[in-house]
Amino acid sequence: MAFSHGSRSDRAVTKQGNRGFSRWGRRIMNEHRRQILEMLSQGKISADEAERLISAVEQPAARSADSDTASAEKTRPKYLRVQVDSEDDGGHDGPTKVNVRVPMQLLRAGVKLAYLIPTAALQKANLAMHEKGIPVDLTQIKPENLEELVEQLSDLTVDVDQKDQRAKVKVRVFCE
Amino acid sequence: MIPFVAVVSLRNQESRTFRLWIPLVLVWLLLLPLAVLATPFIFIACLVCGVNPFRGVAVIWQILWALNDTELEVEHRSAGMSFHIL
């Protein structure tokens, strides 16, 4: 049984790339601004010219920040998909395919149900989980944590391949 | 918007597909009087459990709202089934 769990590397790289690029762009912009201010203090340019130069330097940066936000909005996934492919080698049942598409909105709404769980029930669940060796305190989970959890699902891909003597099962969980 | 229609498709061994359109609007309309009748009991149950009933209603409403575009497909050699909420 092979199990792999990782993030969508291409998207993560793009996001990191964008972040790095905007940070780099900001540094360059600060450098340009410093040079303009130096020229102004040395009397090489007038205040009007300095203002015009600074606004010219700031415009591309603002544009790139806008495009960053737009691309983040664009890549925000809408659905969580679960695909199960089962191939039966015995030849009795044949292959079975399961395909489930859940809107992320439904996940968010479902997660909000967690706010409604009474504290007593959460404590019972805590105890049960501790008994199973999972040290998670559910009472400490705040609404913003759950929101963040759903947000982070967009970078999640789970692939499970199971090759048994009788059947091959492939499970994929990802966001699209 | 809350979902109005659910489509259930069933495929049998002879590869014949039956598609059933379920008007969920009618289901909601049928459930509405029941929900109204059950409201006081739900409120009491929420108060007993220490849950804000208004928050509960809001969450249930959000879940109904978010059901749109939910899809489930099961395909097998001999039969298949799909369920799609529109």
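Below, chains carry the letters A, B, ... as their sequence lines are ordered, and counting in each starts from 1.
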Fill in: Approximate separation, where rounding is to 0.5 Å, of N99(A) CG and E71(B) CD
6.5 Å
Fill in: Same apolar cluster (I L V M F W Y, side chains within < 4.5 Å links), F83(B)/L80(A)
yes
Item to complete: Find the distance between CD (E75(B)) and OG (S86(A)) and round it off to the nearest 0.5 Å.
Response: 13.5 Å
Worksheet item: Which of the residues A66(B), G56(B), S82(B) is involved in the greatest number of heavy-atom pairs with chain A at under 4.5 angstrom?
Response: A66(B)
Worksheet item: Distance from K97(A) atom NZ to E73(B) atom CD, nearest 0.5 Å?
Response: 10.5 Å
Practice prompt. Grab the two heavy atoms, one from P118(A) and one from C49(B), that are nearest each other, plus how far apart they are.
Written response: CB-O, 3.5 Å
Worksheet item: Going only through I, L, V, M, F, W and Y residues with side-chain contacts under 4.5 Å, is there a path from W28(B) to W21(B)?
Response: no
Practice prompt. Inspect the surroundings of CZ in F41(B) and state if more than 12 heavy atoms from other residues, nucleotides or ligands are less than 6.0 Å away.
Written response: no
Item to complete: Evaluate side-chain contact (heavy atoms from CB on, under 4.5 Å) for R101(A) paired with H84(B), printing each intermediate quantity in order.
Response: CA-CA 9 Å; R101(A) 189 177 75 177; H84(B) 192 180; 3.8 Å; yes
Worksheet entry | Distance (rounded to the nearest 0.5 Å) between L113(A) CG and Q62(B) CD | 9.5 Å
Worksheet entry | Best-contacting candidate, N52(B), I63(B), I60(B), against chain A by heavy atom pairs under 4.5 angstrom | I63(B)
Worksheet item: Under 4.5 Å between side-chain heavy atoms, hopping through other hydrophobics if needed: is there a path connecting L34(B) to V27(B)?
Response: yes
Fill in: Contact residues of residues 104-111 of chain A (partner chain B; heavy-atom separation under 4.5 angstrom)
Q105(A), L106(A), A109(A), G110(A)
Item to complete: Decide whether F4(B) and I22(B) are clustered together by the hydrophobic rule: side chain heavy atoms of Ile, Leu, Val, Met, Phe, Trp, Tyr closer than 4.5 Å, transitively.
Response: no
Discussion item. Grouping I, L, V, M, F, W and Y whenever their side-chain heavy atoms are under 4.5 Å apart, do I2(B) and V5(B) come out in a common cluster?
Written reply: no
Fill in: Partner chain A: residue of T70(B), L64(B), D69(B) with the largest heavy-atom pair count (under 4.5 Å)
D69(B)
